[in-house]
Amino acid sequence: MKFSEKVYKITKKIPRGRVSTYGEIAHALNTKAYRAVGSALNKNPYAPIVPCHRVVNSDGKIGGFADGTNKKIKMLEKEGIKVKNNRIVNFDKKFFRLNLIFNYII
DNA sequence: CTAATGACATTTG
DNA sequence: ACAAATGCCATTA
């Protein structure tokens with residue numbers, strides 16, 4: 001299985017209204033290639049199915065998007081995620097930890 | 001094979 | 001808090 005396909009597979013687990021990070025995805029894949037994760041999502045062929053817009057930077061900043069960061073923000077706000085000054089509001093509460101089992105609590 | 005390239009992350013000034 | 005520098009690794013040329 002190619003690296004990019006693993007990225008898509010893990011990204012699909014991020015639910016509506018939550019976000020995760022490139023580094024977190026890499027961590028879930030047991031690698032440090034967070035930068036390559038970004039490259040993979042950039043070319044994401046399963047555009048709407050794989051929610052690549054729910055992946056942001058480790059500090060809560062929006063990060064990039066193939067269709068433009070503005071579009072990414074719009075999609076996130078449609079899911080109830082607020083964005084201010086290019087940052088996720090309440091990032092710690094919206095953050096989806098892919099490697100933990102505690103996601104269902106919040 | 002080598003080198004360049006990012007939708008990044010951390011550290012430093 | 002922000003910007004620059006550094007390190008990073010799969011992909012691509």
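Letters A, B, ... are given to chains in the order of the sequence lines, protein chains preceding strands, and every chain is numbered from 1. Atom set for the values below is all heavy atoms of this structure, side chains included, hydrogens, waters and symmetry mates excluded. Only a predicted model underlies this, so the values are computations on that prediction, with no experimental measurement involved.
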- Item | Nearest listed nucleotide, side chain of Ala66(A), among dT11(C), dA7(B), dC9(C) | dA7(B)
- Query: What's the NZ-P distance between Lys6(A) and dA10(C), to the nearest Å?
  - Reply: 9 Å
- Value in whole Å for how far the P atom of dT11(C) lies from CD of Glu5(A): 10 Å
- Query: Starting at CZ of Arg54(A) and ending at C1' of dA7(B), how long is that distance when rounded to a whole Å?
  - Reply: 16 Å
- Determine whether Val50(A) and Ile10(A) fall in the same hydrophobic cluster, where Ile, Leu, Val, Met, Phe, Trp and Tyr are linked whenever their side-chain heavy atoms lie under 4.5 Å apart. yes
- Task: State whether the side chain of Arg87(A) and the backbone N or O of Lys61(A) hold a donor-acceptor pair below 3.5 Å, judged by distance alone.
- Result: no
- Could you tell me whether Ser39(A) contacts a base, only the sugar-phosphate backbone, or nothing, with contacts defined as non-hydrogen atoms closer than 4.0 Å? base
- Which nucleotide in the set dA7(B), dG6(B), dA10(C) lies at the smallest distance from any side-chain heavy atom of Cys52(A)? dA7(B)
- Interatomic distance, Tyr8(A) OH vs dA7(B) P [rounded to whole Å]: 13 Å
- Look at all strands and tell whether Asn42(A) reaches a base, only sugar-phosphate, or nothing, counting heavy atoms closer than 4.0 Å. base
- Query: Is a donor on one side and an acceptor on the other found under 3.5 Å between the side chain of Ser20(A) and the backbone of Phe96(A)?
  - Reply: yes
- Task: Have a look at Ser4(A) and say if it touches a base, only the backbone sugar-phosphate, or nothing, with a 4.0 Å heavy-atom cut-off.
- Result: sugar-phosphate
- Message: In this structure, how many angstroms lie between the P atom of dA7(B) and the CG atom of Asp59(A), rounded?
- Response: 16 Å
- Message: Side chain of Phe3(A), heavy atoms from C-beta onward: which of dC9(C), dA9(B), dA10(C) has the nearest atom to it?
- Response: dA10(C)
- Is the side chain of Lys94(A) donor-acceptor paired with the backbone N or O of Ile81(A) at a distance under 3.5 Å, no angle test? no
- Message: In whole Å, I'd like the distance from the OH atom of Tyr22(A) to the P atom of dT11(C).
- Response: 17 Å
- Message: Same cluster or not: Phe3(A) versus Val55(A), using hydrophobic residues (I, L, V, M, F, W, Y) connected whenever any side-chain heavy atoms lie under 4.5 Å apart?
- Response: yes
- Message: Side chain of Ser58(A) only, heavy atoms from C-beta on: which candidate in dA10(C), dA7(B), dA9(B) is closest?
- Response: dA9(B)
- Rounded distance in Å - CG (Leu76(A)) to C1' (dA7(B)): 13 Å
- Message: So, does Asn57(A) get its side chain near the phosphate of dA7(B), meaning an N or O under 4.0 Å from OP1 or OP2?
- Response: no
- Query: Quick one: on DNA chain C, does Tyr34(A) or Lys2(A) contact a more 5' nucleotide (nearest heavy atom)?
  - Reply: Tyr34(A)
- Query: Over how many whole Å does the gap from Lys43(A) atom NZ to dC9(C) atom C1' extend?
  - Reply: 12 Å
